[in-house]
Amino acid sequence: MKVTLKDVAMQAGVGTATAERVLNGRGGVRPETVEKVFLAARRLEYRQSLPVAHRGLIRIEVILVRPETSFYSRLNRAFERIAASLDDSIVVHRTFVRENEPAQFARYIANPAARRSALIVVAPDHADVVTSVRKAAGLGIPVVQIMTRPAPELPYVGIDNYAAGRTAAHYMSGMLAQRPGSFVALCHSGAYENHKERIRGFSSYLSDNASNEGSNEHRFIEVMFDLDDEHNAIELLQAALRREPGIIGVYSAGGDNKGVARVLAANKTGRPFWVGHELTEQTQDYLRRGIMSIVLDQAPEVQARRSIDLALNRLGLIEVEVSAEPVRFLTITPENL
């Protein structure tokens, strides 16, 4: 049956005259109403084109943190490439917000600089931020959490961080099965649920397998919060090595690898087995030089694509079902670079 203008108006919850003004670019209609009519027309396949005046009408905002880091640079570039492939009706706007100012972060989510149709956000696990994320979802717009999931009831795109931590412990305890000693871990802070999940997974694996693999000789003794800062990581790890000369394993659950690399590179004898995250030019170099043992890479390009697809699906712009399964992380060693 042929879709009519009246069908579009009913789907959008507006009058037929309003729908006609929008679809013929006559102006005088609020942007929020224009968006409703456009989405209704797309869902009903009434018309594929949009008047030039309304190009960029669908605005997906992506809120990221720490643009100076290799990982978020990769993620940002991935969103940029995806944005360039979308049709003219959709804009992907990327915003960087300071993670160490959660009150400001929360205010930005609650009071965006411009109207948004959907939100993709890397959200710190702070009460104010989580409240704002939930309020944004309560307004009826699609909200997708990427990388970390402080609001478990909302959609999430990312790896299984608990499994990543267990994987790090699996390799570390297995490779060091015949070598007694202690393990330590570093991560940003308690601000991100993904880091906490990695530490939980790391610890639980060691606890679950202590009697099975002879790892009674292995003790997980400390988690250090370096705020992903190179100098903090250097000071914390050096102090730990002085206190506990028997450290044989280091797990970097956060994003800083430079500081750890500097400390371990200087330790030429009895160098600890080091597992970290994110494949970058630096971590590839650390692997080749034998400073780093294993890298777990969480494929930010896949996360960006899936989060955009999920937002478009929730907006009714694509019908392809988007997988709710965790994104598969990659295990990289010097042998498969």
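- Between His126 and Phe105, the ring center distance fails the sub-6.0 Å criterion.
- Side-chain contact between Val250 and Phe273 is absent, with no heavy-atom pair separated by less than 4.5 Å.
- Tyr162 belongs to no multi-residue hydrophobic cluster, having no ILVMFWY side-chain contact under 4.5 Å with any other such residue.
- With a 4.5 Å cut-off between side-chain heavy atoms of Ile, Leu, Val, Met, Phe, Trp and Tyr, the cluster of Val130 takes in none.
- Among residues two or more places apart in sequence or in another chain, the side-chain hydrogen bond (donor to acceptor under 3.5 Å, both in side chains) test is passed with Glu99 by Arg66, His188, Tyr192.
- Between the side chain of Asn257 and the backbone N or O of Glu278, no donor-acceptor pair lies under 3.5 Å.
- Annotation: side-chain contact (heavy atoms from CB on, under 4.5 Å) contacts of Leu337 (sequence neighbours excluded): Leu279, Gln284, Leu287, Arg288, Ile332.
- Taking the side chain as every heavy atom from C-beta outward, Met172 and Tyr251 approach each other to under 4.5 Å.
- Between His93 and Phe79, the ring center distance fails the sub-6.0 Å criterion.
- For the 3.5 Å distance criterion, the side chains of Ser182 and Arg219 qualify, holding a donor opposite an acceptor.
- Ring geometry for Phe220 against Phe202 counts as perpendicular: the plane angle is over 60°, on a 0 to 90° scale with 30° as the lower cut.
- Contacts of Tyr156 classified as ring-ring contact (aromatic ring centres under 6.0 Å, His included), with partners at least two apart in sequence or in another chain: none.
- Shown here are the side-chain contact (heavy atoms from CB on, under 4.5 Å) partners of Lys258, two or more places apart in sequence or in another chain: Glu230, Asp256, Gln282, Tyr286.
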